[in-house]
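In what follows, residues are counted from 1 in the order of the sequence shown.
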Amino acid sequence: MRYLKDLYKQTLALVFTSVFCVSIGFSQKSSSKSYFDQTTLLRHVEALSSDAFEGRRTGTKGAVKAKKYIINQFHSLKVKPLKKSYEQTFVFSKGKKEYKGTNVIGFIKGTCEPNKVIVISAHYDHEGIKRGKVYNGADDNASGIGALFSFAEYFRKNPPKHSVILAAFDAEELGMKGSSYFINNLFFSPKKIIMNLNMDMISRSEKNELFVVGTNLNHSFKNAVCCIKSKKIKLVSGHDGYDNKDSWVYSSDHANFHKKGIPFLYFGVEDHKDYHEPTDDFENIHPEFYTEAVNVIISVFNKIDSH
């Protein structure tokens with residue numbers, strides 16, 4: 001009788017899980033476009049790209065302040081740390097200088113595929129202070145970090161089917177050292193990571209173009225991208241070596257996942273006049289383009305997560 005009771009309970013649990021997973025899939029497909037609070041998103045970018053953070057250069061007081069800001073937001077948005085702490089510290093040398101960097105890693109357990117992981121990433125470091133001028137890096141890459149927070153906000157009411165790691169990487173500007181350390185020091189098999197979704201510079205475009213890199217390298221993502229329509233911006237596949245544009249395959253943190261054979265999608269905009277200049281300030285981003293870009297990226301994630 002105990003065996004039959006246990007079998008009955010297991011069957012009920014399996015049926016419940018299956019129904020729950022299907023309902024999650026349908027709810028995502030029918031979700032409205034209002035995935036997050038747009039005012040809050042813009043406020044985060046304005047804060048992180050203010051002079052108070054001193055350009056967020058790895059190893060500086062500004063970077064430490066940015067790290068604490070990200071941890072506070074993850075905590076308030078109910079994102080758990082991947083391990084006991086949100087912080088993943090690492091040391092590296094560049095030239096004759098040694099740096100100490102810190103990745104901030106959050107985790108959200110999947111509802112239906114908890115052993116399969118999607119890593120959503122953005123780097124939080126920038127150029128710091130040069131010749132007395134603060135390089136605030138609003139587009140590069142406070143915009144990506146703001147989007148990470150919007151994902152976390154969205155997941156509170158719409159938990160993902162697969163487990164999600166929200167990774168705020170450090171030291172991207174110094175050779176993508178943070179993402180390299182992360183992927184080479186996993187405490188689980190990298191085979192569990194089904195993809196990396198990376199965001200770096202997504203808040204401004206004169207042509208209203210958001211590029212997505214990786215669909216020609218990972219054909220299974222093409223449907224997830226081509227099905228997303230927006231009246232406000234153009235989602236354009238390219239910059240992955242299959243067109244006449246510069247290849248961005250190795251241009252940001254997604255490169256370290258690609259080197260391990262992990263599929264990726266990278267979202268970014270074309271370089272602009274304020275790229276790596278002290279004029280990359282909050283006042284120069286395009287708020288309407290940016291908020292819609294984050295909505296589009298979440299929509300692409302939902303398409304991939306639902307399979």
May I ask you to check whether Tyr35 and Ser299 show a side-chain donor-acceptor distance below 3.5 Å? yes

So, does Ser143 use its side chain to make a donor-acceptor pair with the main chain of Ile202 at under 3.5 Å? yes

Would you kindly say whether Lys67 and Asn103 are connected by a side-chain donor-acceptor distance under 3.5 Å? no

What I'd like to find out is whether the side chain of Ser179 reaches to under 4.5 Å of the side chain of Met176, using heavy atoms alone. yes

Ring centroid separation for His276 and Tyr135, is it under 6.0 angstrom? no

Heavy-atom side-chain proximity of His286 to Tyr290 below 4.5 angstrom: no

Output yes when a side-chain donor or acceptor of Lys229 lies under 3.5 Å from a complementary backbone atom of Cys226, and no otherwise. yes

What do you reckon, is NZ of Lys133 surrounded by more than 12 foreign heavy atoms closer than 6.0 Å? no

Report yes or no: do Asp253 and Asn198 form a side-chain donor-acceptor pair below 3.5 Å? no

So, Phe301 versus Phe151, ring centres under 6.0 angstrom or not? yes

Can you spot which of Trp248, Tyr266, Tyr250 makes a ring pair (Phe, Tyr, Trp, His ring centres under 6.0 Å) with His258? Tyr250

Should Leu166 and Val294 be regarded as members of a common hydrophobic cluster, given that ILVMFWY residues are connected when their side-chain heavy atoms come within less than 4.5 Å of each other, either directly or indirectly? yes

For Thr39, does its backbone N or O pair with a side-chain atom of Asp37 as donor and acceptor, under 3.5 Å? yes

Under a 4.5 Å cut-off applied to non-hydrogen side-chain atoms, are Val212 and Val300 in contact? no

Hydrogens and angles aside, do Tyr181 and Asn256 bring a side-chain donor and acceptor to less than 3.5 Å of each other? no

Could you state whether Val134 and Ile145 fall into the same hydrophobic cluster, counting links through intermediate Ile, Leu, Val, Met, Phe, Trp or Tyr residues with side-chain heavy atoms under 4.5 angstrom apart? no

Any donor-acceptor N or O pair under 3.5 Å, side chains Glu87, Thr102: no

Test of understanding: clusters of I, L, V, M, F, W, Y form through side-chain heavy atoms closer than 4.5 Å, transitively. Do Val225 and Ile194 belong to the same one? yes

Is there side-chain contact between Asn216 and Asp243, with heavy atoms separated by less than 4.5 Å? no

Taking atom types as modelled, find out whether Asp51 and Asn136 have a side-chain donor-acceptor pair closer than 3.5 angstrom. yes

Judged by atom type as modelled, is there a donor-acceptor pair below 3.5 Å linking the side chain of Asn196 to the main-chain atoms of Phe264? no

Donor-acceptor side-chain pairing of Glu172 and His126 below 3.5 angstrom: no

Is it possible for you to check whether Lys65 lies under 6.0 Å from the centre of the six-membered ring of Phe53, through NZ or CZ, and within 45° of that ring's axis? yes

Is it true that the NZ or CZ of Lys232 lies under 6.0 Å from the centre of Phe289's six-membered ring and within 45 degrees of the ring axis? no

When rounded to the nearest 0.5 angstrom, what is the spacing between CD in Glu288 and CD1 in Ile285? 12.0 Å

Below 4.5 Å, heavy atoms only, C-beta onward: do Leu210 and Val236 meet side chain to side chain? no

Can you tell if the side chain of Val117 reaches within under 4.5 Å of the side chain of Val164, non-hydrogen atoms only? no

Measuring only between side-chain heavy atoms, which start at C-beta, is Asn184 closer than 4.5 Å to Lys260? yes

Lys130 atom NZ: more than 12 heavy-atom contacts under 6.0 Å: yes

Among the clusters formed by ILVMFWY side chains lying less than 4.5 Å apart, do Ile120 and Phe107 turn up in the same one? no

Donor-acceptor pair between Asp140 and His123 side chains, under 3.5 angstrom: yes

Thr58 and Asp170: side chain donor to acceptor below 3.5 Å: yes

Please verify the inter-ring angle class for Phe74 with Tyr86; under 30° counts as parallel, over 60° as perpendicular, anything in between as tilted. tilted

Which one of Asn284, Asp274, Asp139 satisfies the side-chain hydrogen bond (donor to acceptor under 3.5 Å, both in side chains) criterion with Arg204? Asp274

Is the side chain of Ser49 donor-acceptor paired with the backbone N or O of Ala138 at a distance under 3.5 Å, no angle test? no

State whether the side chain of Arg56 and the backbone N or O of Val64 hold a donor-acceptor pair below 3.5 Å, judged by distance alone. no

Can you check whether Phe221's main-chain N or O pairs, donor with acceptor, with Asn218's side chain at less than 3.5 Å? no

Does Ser252 reach the main-chain N or O of His254 with its side chain, forming a donor-acceptor pair under 3.5 Å? no

Flag the pair Ile304 / Met195 as yes when at least one side-chain heavy-atom distance between them is below 4.5 Å, and no otherwise. yes

With distance as the sole test, does Asp305 use its side chain to make a donor-acceptor pair with the main-chain N or O of Lys161 at under 3.5 Å? yes

Below 6.0 angstrom between ring centroids: does that apply to Phe92 and Tyr99? yes

Quick check on the hydrophobic clustering: are Phe282 and Met201 connected, directly or via other members, by side-chain heavy-atom contacts under 4.5 Å? yes

Could you give me the CA-CA distance, side-chain angles and deciding distance for Phe169 and Phe182, then say whether ring-ring contact (aromatic ring centres under 6.0 Å, His included) is met? CA-CA 9 Å; Phe169 289 132; Phe182 171 82; 5.5 Å; yes

Parallel, tilted or perpendicular, judged at 30° and 60°: which one describes the rings of Phe149 and Tyr69? tilted

